[in-house]
2 protein chains.
Amino acid sequence: MKKRLGATDRLYPMPVPLVVGGVYGGDVDCLAVAWIGIASATPPTIAAALRRTRRTLELVRSTGELTVNVPSVAQATVVDYCGLVSGRHRDKFADTGLTLLPGTVVRTPIIEQCPYNMECRVTGETEIGEYVLIVAEVVETHADENVLGPTGDKVDVDKLDPLVYLAGVREYRGLTPKVADAFSVGRSLGPQEEDDRPC
Amino acid sequence: MKKRLGATDRLYPMPVPLVVGGVYGGDVDCLAVAWIGIASATPPTIAAALRRTRRTLELVRSTGELTVNVPSVAQATVVDYCGLVSGRHRDKFADTGLTLLPGTVVRTPIIEQCPYNMECRVTGETEIGEYVLIVAEVVETHADENVLGPTGDKVDVDKLDPLVYLAGVREYRGLTPKVADAFSVGRSLGPQEEDDRPC
């Protein structure tokens, strides 16, 4: 039996990367953003919703650049802190010990301790109520060598151990081992074609 | 040591709901969409990227409505099938046994077997390469009573057991038990304020 819960902003599950705005060596801030997803593959593009009042948003708008830094489960405490406080009052990097590395394509730095990092250039934005949906092309991706698989070009998800956010219950979780192969397990259900992208 | 991987469309982790387009009792199709996230809370809004060639996208555009249906881990096979085949050639509902219930606000149906469902009304779209980023207001949410927590108004994530998609390695996974409380665990790192939304 279905129960109506009203209009909600809860999708399950969500990623919770740290989004960085600003210029390496200058004014930089970051925050945890669970409201983020891929917006295209051609070119690779992300869409991230930031509250209008966020200082990181101001920095992103001032440069037209941002980085998306995926944390591991072990980093839940620092990620949570970066969502709790404002960079207007605290230096999140000093408080957490997170350090910055220069981007290779954009002026915005990446977070050294996050094992997976995307450099992005803003291509559009849409104001929706209290939020701004930033659309940005991914221009470079980095991963720590120790989270890569044997071929060296793909992330080993068990090594990455990405942090997961659950809305409503407000929990952080991790991932179980693989339950099935995508673009594979469904083939048992009937004749099928061609497709290999979940979008 | 960081390794550059080039521009990629891989964020970790991703949800993988079934997006439905069309009219209950009429022409309806669905597909698995991992490229989806929350775009605002005011009003609750989602952003989902669908390939231009998708039949479901045509149906969403024809009505201006869609539903987002979150599957559990046990549904990995049917979700995968809905990403593998095209509704132009197969009846995905007949092939998978998935059945439809009428929406309560929109004309597009929800998927009965998915334990969490969002009814949405399109408010904007942006074409990005081969994809269309659909922005849509969430106008109603449903959950199976047996995935709700004791207060009856929030999802119990252990009962929901939402399916997770991992790009690159193309795996489906589930979630571990809670590793930390959000808007809580970070308080150990220093003085902080006010904030309670991950965006």
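Sequence lines set the chain letters: A, B, ... in the order given, protein chains first and strands last, and positions in each chain run from 1. Note: hydrogens, waters and symmetry copies are ignored here, and every other heavy atom, side chains too, is used.
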Interchain contact, [X] with chain A, by part (heavy-atom threshold 4.5 Å):
X      : value
B/V132 : neither
B/P15  : both
B/E112 : backbone
B/I46  : neither
B/L57  : neither

Under 3.5 Å, side chain of [X] to main-chain N/O of [Y], donor-acceptor pair present?
X      : Y      : result
B/T42  : A/E130 : yes
A/T141 : B/T8   : yes
B/S40  : A/I128 : yes
B/E140 : A/G6   : yes
B/D80  : A/G186 : yes
B/K2   : A/Y116 : no
B/R173 : A/T176 : yes
B/K3   : A/G152 : yes

Do you know which of [options] has the most heavy-atom pairs with chain A at a distance under 4.5 angstrom?
options                     : answer
B/G97, B/G129, B/P17, B/A48 : B/G129
B/V19, B/L133, B/L175       : B/L175
B/G168, B/A47, B/A143       : B/A143
B/N117, B/T123, B/D156      : B/N117

For residues [X] and [Y], determine if any side-chain heavy atom of one lies less than 4.5 Å from a side-chain heavy atom of the other.
X      : Y      : value
A/M1   : B/D144 : no
B/D95  : A/L189 : no
A/V185 : B/Y81  : no
B/L5   : A/L148 : yes

Looking at A/T45, A/V157, A/L101, A/V135, which one has more heavy-atom pairs under 4.5 Å with chain B than the rest?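 So the answer, after comparing A/T45, A/V157, A/L101, A/V135, is A/V157.
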Heavy-atom pairs under 4.5 Å with chain B are the metric here; pick the option from A/V169, A/T56, A/V155, A/V73 that has the most.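 Going by pairs under 4.5 Å, I would pick A/V155.
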Between B/R4 and A/D153, is there a side-chain N and carboxylate O pair less than 4.0 Å apart?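 Salt bridge flag = no for A/D153 with B/R4.
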